There are 2 protein chains.
Amino acid sequence: MEFRLAERMNNLKASEIREILKLTENPEIISFAGGLPAPELFPVEKLKEITIQILENDGKAALQYSTTEGYIPLRKIIAEERMKPAGVNVSYENILIINGSQQGLDFSGKIFLDKDDVVICESPSYLGAINAFKAYMPKFVEVPMDDDGMIIEELEKALEANPKAKLIYTIPDFQNPTGKTLSVERRKRLVELAEKYNVPIIEDNPYGELRYEGDRLPAIKSFDTKGLVVYLGTFSKTFCPGYRLGWICASPELLSKYIMVKQGADLQASSISQREAALFMEKYKLDEHINKIKKIYRRRRDLMIETIKKEFPETVKYTYPSGGLFTWISLPEGYDSAEILIKALKEKVAFVPGGSFFPNGGHPNHFRLNYSNMPEEKIVEGIRRLGRVLRNLD
Amino acid sequence: MEFRLAERMNNLKASEIREILKLTENPEIISFAGGLPAPELFPVEKLKEITIQILENDGKAALQYSTTEGYIPLRKIIAEERMKPAGVNVSYENILIINGSQQGLDFSGKIFLDKDDVVICESPSYLGAINAFKAYMPKFVEVPMDDDGMIIEELEKALEANPKAKLIYTIPDFQNPTGKTLSVERRKRLVELAEKYNVPIIEDNPYGELRYEGDRLPAIKSFDTKGLVVYLGTFSKTFCPGYRLGWICASPELLSKYIMVKQGADLQASSISQREAALFMEKYKLDEHINKIKKIYRRRRDLMIETIKKEFPETVKYTYPSGGLFTWISLPEGYDSAEILIKALKEKVAFVPGGSFFPNGGHPNHFRLNYSNMPEEKIVEGIRRLGRVLRNLD
């Protein structure tokens, strides 16, 4: 049967990461492919106790429909405990609960993008955001990065060339896929430019709270005086991804658009999961839990970088992330990481080839490594295997 | 700040039901407005036991990311226990888990609809579907109904006039908002017409399992030999809406499009909620739980209809639903149910005005009553109050 689909469907393909993740369900494979948190850190015992408490005291409401905006105690906790430390002074009325920040990307596309509208993003950028936006058929304008993130002069050129751009999309902290962080000075300049051109910024910040050295940087949203920045947060990296809980922080005016879109898209986030997250954060300090996570991830990052230094050929470059989950590997031009992946899978080690992170294609000579999900001995063994593959390339 | 939004945002407005539901949070108001299930029937105790079991035996996986397609044991249970009794012989590979069937409506719009494409639907139709589709800017062609649902001769005329229609959207069982059911003969003819014109059918079936008399009718999907029917199911009415769990049942070819769209939209449904639902349905029979629900809702329906007979003026018509959650009230032409609602709210009773259920407007002289969410004494008292309002109209 030949279906008459919407034009946008020509633009979409299955996420390469998710397809690779399926291969890596084989437990023999050491996978640096996903962006998965370490499951041994999930607070399983505490969540048992919390779920019992919720079902005993508030079971009917927890299992019933609730408002689109989300559970007010959770929205308050997010405003107070997650946004204020990032320098963003907001109340719960600035917060909408969504199913992980991926949903905020889809909604941003839906709210802002008509066909052929321009999205300005880092080069490379998060594959899941590229795919979410592609459903709305925009053009992507990529802005090169250096060690301090998006190069602001290049952003300015992009805005001059595309003054009607609809969105600037950025992951300022420990960017996916490069692990790079946008400097404070550049955050300020970014907001100035966004105001000058009246282009909203989508600040996608899943990793900012996972910093392993130095102080947390103020969110881009903290410099926003005109309501132009939409901040996307998530509990997937700092709590548990299985609940699918994230949030949008925006001016009430813009947030009302997201609420309307959420109504049409799936009515609301899970009533019970929102209560579970809220009660966990009332009884225990999420920051203490995050500190445990950081300690382990820091060690894994150190071990991965040390082993890369020892095992990878000198022509191969890597980034040194001060937080987050990823390092970005760059081979000399001419190499194709998709082909290298085939060789790596024979050695039972996996990563994500870099090409899909560039919305306009090209750049096959990079790949992304995740260090949060594998135990230490597997990190060493996996990087050794990868080193062997890389040293044996022609 | 003036934002440059996507054109589709001109089409959207906040759901009238959700706005009314906010008013009805006042516990003094007797609300027949929502489509909420009765919370006293939620299996709170059993879910406590089940959640403990999952967190003890499978906590790490339950809190981690999982596949977009969904948890295989739940998909198998849906194929076996929910689809087969509706006459649909499929395997778990035909099932995608989503966040309630509302998400299936949004995805259907995304997959099929370009601007100005035609969606054929019942007149009236489900407000949430109209809003979900509106984001993709289609034209709606409404097909009149009689007591046996959509009138097939009228559908045929609509298809002749719009041979390039992209979707036929229908709620065949105990339709929202009318409570009407499409006859078996018409289901067969509907599929024949869809095949003739190569137009996919979105069969939205949240209520089919809540039948209070007679035998369950075979789903439209059961007559589908060419993969043209997409069936949307949900646990929101038969289990608990708070988990946000529904499913799409479609041919693998079409389902692959939905999976791709789900990836971009929010990656996956909640890992832990899917396990909770699956284990509940393994340990207990969902059908037994549904039987309990049906017993109570049947009584509430009977009571509402009896009280309507006694209390409403004779000029006011109502439907007699053999299942589901709603009856549809029709006043003589010239009355405006939105104005009546204002008077009803003064009497502390609420309903949803009918106008929003007609995508092309008009028809203000109807409204929808829900009987599942209020205890018996409130049903009697609420209908009495409404009767008073209706008898006092000019």
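Throughout, a chain's letter reflects where its sequence line sits, starting with A, and its residues are numbered from 1. Predicted model, so just to flag it, every value in this text is computed and none were measured.
Distance alone, capped at 3.5 Å, is enough to place a donor-acceptor pair between the Asp114(B) side chain and the Glu7(A) backbone. Side-chain atoms of Arg244(A) do not come within 3.5 Å of backbone N or O of Tyr65(B) as any donor-acceptor pair. Without hydrogens or angle criteria, Arg8(A) side chain to Phe112(B) main chain gives no donor-acceptor distance under 3.5 Å. Side-chain atoms of Gln64(A) come within 3.5 Å of backbone N or O of Pro37(B) as a donor-acceptor pair.
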Original post:
Taking it one step at a time, do Glu40(A) and Lys60(B) satisfy salt bridge (charged side-chain N to carboxylate O under 4.0 Å, His left out)?
Top reply: CA-CA 7 Å; Glu40(A) 62 272 29; Lys60(B) 286 178 193 169; 5.8 Å; no
**OP:** Check step by step if side-chain contact (heavy atoms from CB on, under 4.5 Å) holds for Leu55(B) and Glu45(A).
**Re:** CA-CA 8 Å; Leu55(B) 285 172; Glu45(A) 279 306 312; over 6 Å; no
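Contact count against chain A (heavy-atom pairs under 4.5 Å) is highest for Ile111(B) among Ile111(B), Thr51(B), Asp106(B), Ile272(B). In terms of heavy-atom pairs under 4.5 angstrom with chain A, the leader among Ala61(B), Ser251(B), Ala265(B), Ala62(B) is Ala265(B).
Contacts of Asn10(A) with chain B are absent, with no heavy-atom separation under 4.5 Å from either backbone or side chain. Only the side chain of Glu69(A) comes within contact range of chain B, judged by heavy atoms closer than 4.5 Å. Only the backbone of Leu113(A) comes within less than 4.5 Å of a heavy atom in chain B; its side chain stays farther off.
With rounding to the nearest 0.5 angstrom, the CG atom of Asp266(B) is 11.0 Å from the CG atom of Leu105(A). Taken from CZ in Phe3(B) to CG in Leu254(A), the straight-line distance is 4.0 Å, to the nearest 0.5 Å.
Residues Met260(B) and Met9(A) are in side-chain contact: their nearest non-hydrogen atoms beyond the backbone lie under 4.5 Å apart.
When the side chain to side chain donor-acceptor pair (under 3.5 Å) test is applied to Ser372(B), the partners found at least two apart in sequence or on another chain are Asn370(B).
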